[in-house]
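Before any comments, here is the structure.
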There are 2 protein chains.
Amino acid sequence: MTSGQPLPQDRQQSLTIAQVAERTGLTHDTLRYYEKAGLIERVGRTTGNQRRYQAADLAWLEFLLRLRETGMSIADMQRFAGLRARGDETVADRLSMLREHRAELAERIRALRRNAAALDDKIDHYERLLDERQPGTDGPT
Amino acid sequence: MTSGQPLPQDRQQSLTIAQVAERTGLTHDTLRYYEKAGLIERVGRTTGNQRRYQAADLAWLEFLLRLRETGMSIADMQRFAGLRARGDETVADRLSMLREHRAELAERIRALRRNAAALDDKIDHYERLLDERQPGTDGPT
DNA sequence: GTAGAACCTGGAGTGTGCTCCAGGTCAAGC
DNA sequence: GCTTGACCTGGAGCACACTCCAGGTTCTAC
């Protein structure tokens, strides 16, 4: 059931903006904003000028979301998308952007883990405080 | 050298706003903003109305920064600071706020690690692409 | 062929977390 | 006692990443 015979007409698995919104968790407005901002290349339209997203559009969006979730700014995503639009000659540049982003992410994760450990200490501290003030309410024997 | 004899006068290790800015990495403006917003209780002043931060102020600030770095909003920090200002009776509430924040943080770290792994795959992909286009430029032998 | 939902555009508005400014006061060295 | 840099306040302004709006068009189901 993956690519047997072509589906009726040739709209294959093209998706409306509402369907993409549901799949990605973005809103219609955010999808249009990303397109306006150049994060997504102009999406194909119906004859009536309505967007129809293809599988490739969705895959790219999902990659963008990964960049966003790992803290990349819109400005940097614009840079990346711009390089991508220029084609294969920019592969090295894109790779170095990704490597740099990956390194920053590693550092951020390390910092979060340090802070998590400190939070754990603080939580322990509050637990002891609470035990002193209300001893024995933590369950019987 | 921790608490031998009292230092001259009684300004002990009280710090100016510039000194606190340097130690915390915050700006003067941000420190004043945090105070205005109620994240910090009103800091002690000189007779001439200039702020002098005590060790306890600094410790609290550092804790706030940990909350901020782990993604807590100003609004939630305000809630926490408000509870703290009400004293010991709010320890249980503060504890549960911290536990919730800690759990969210754990989830965020997990998500970041998943995304980091996906980024690594993408990086591998780009590295292979680059090798195909420019074989043998990765060093001799 | 028509009702109603979904979609379109350009542009204005919003929430968050600062950051800057004007106009004045204070403190430390000479 | 004067200069100069640090500090004060209230309030305006800003960057970012959306989010909403008005007014119009298109699509789908009947």
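Each chain gets a letter, A, B and so on, in the order the sequences are listed, and its residues count up from 1. What's counted below: heavy atoms across the whole structure, side chains too, no hydrogens, waters or symmetry copies.
- If you check dA27(C), dG17(C), dC7(C) against the side chain of Ser73(B), the one that comes closest is dG17(C).
- Listed pair Thr30(B) / dT19(C) meets the phosphate criterion, a side-chain N or O lying under 4.0 Å from OP1 or OP2.
- Atoms CD1 (Ile17(B)) and C1' (dC26(C)) sit 14 Å apart, rounded to a whole Å.
- As a whole-Å value, the separation of Gln78(B) CD from dG17(C) P is 9 Å.
- Contact record, Asn49(A) with Arg42(A): OD1-NH2, 3.7 Å, taken as the closest heavy-atom pair.
- Between Tyr34(B) and dG17(C) there is no side-chain polar atom (N or O) within less than 4.0 angstrom of OP1 or OP2.
- Thr46(B) has a side-chain polar atom (N or O) that falls below the 4.0 Å cut-off from OP1 or OP2 of dA27(C).
- Nucleic acid contact class of Arg51(B) (heavy atoms, under 4.0 Å, all strands): sugar-phosphate only.
- Contact annotation for Arg52(B): no contact, since no heavy-atom pair falls under 4.0 Å across all strands.
- OP1 or OP2 of dC7(C) lies within a sub-4.0 Å distance of a side-chain N or O belonging to His28(A).
- Between Ile74(A) and Tyr34(A) the shortest heavy-atom distance is CD1-CE1, 3.8 Å.
- Rounding to whole angstrom units, CG of residue Leu67(A) and C1' of dA17(D) are separated by 16 Å.
- A straight line from CG of Leu31(B) to P of dC20(C) spans 14 Å, rounded to a whole angstrom.
- Under 4.0 angstrom from either OP1 or OP2 of dT9(C) there lies no side-chain N or O belonging to Arg32(A).
- Nearest to the side chain of Arg45(B), among dG17(C), dC7(D), dT9(D), sits dT9(D).
- Distances from the side chain of Asp29(B) to the nucleotides dC8(D), dC7(D), dC20(C) place dC20(C) closest.
- Atom CD in Glu69(B) sits about 14 Å away from atom P in dG17(C), given to the nearest Å.
- In this structure, of dA27(C), dC18(C), dT19(D), it is dT19(D) that holds the atom nearest to the side chain of Thr27(A).
- The interatomic distance linking Ile40(A) (CD1) with dA17(D) (C1') rounds to 14 Å, in whole Å.
- Using a 4.0 Å heavy-atom cutoff across all strands shown, Asn49(B) reaches sugar-phosphate atoms only and no base atom.
- Of the two residues near DNA chain C, Arg68(B) and Gln50(B), the one whose nearest nucleotide lies more 5' is Arg68(B).
- In the set dC27(D), dC8(C), dG10(D), the nucleotide with an atom closest to the side chain of Lys36(B) is dG10(D).
- In this entry the distance linking CG of Leu15(A) with P of dC27(D) reads 17 Å, nearest Å.
- If you check dT19(D), dC18(C), dT9(C) against the side chain of Tyr33(A), the one that comes closest is dT19(D).
- Among the candidates Glu104(A), Arg66(A), Met77(A), the single residue satisfying the side-chain contact (heavy atoms from CB on, under 4.5 Å) test with Met72(A) is Met77(A).
- Spacing between atom CE of Met72(A) and atom P of dA17(D) amounts to 12 Å, rounded to whole angstrom units.
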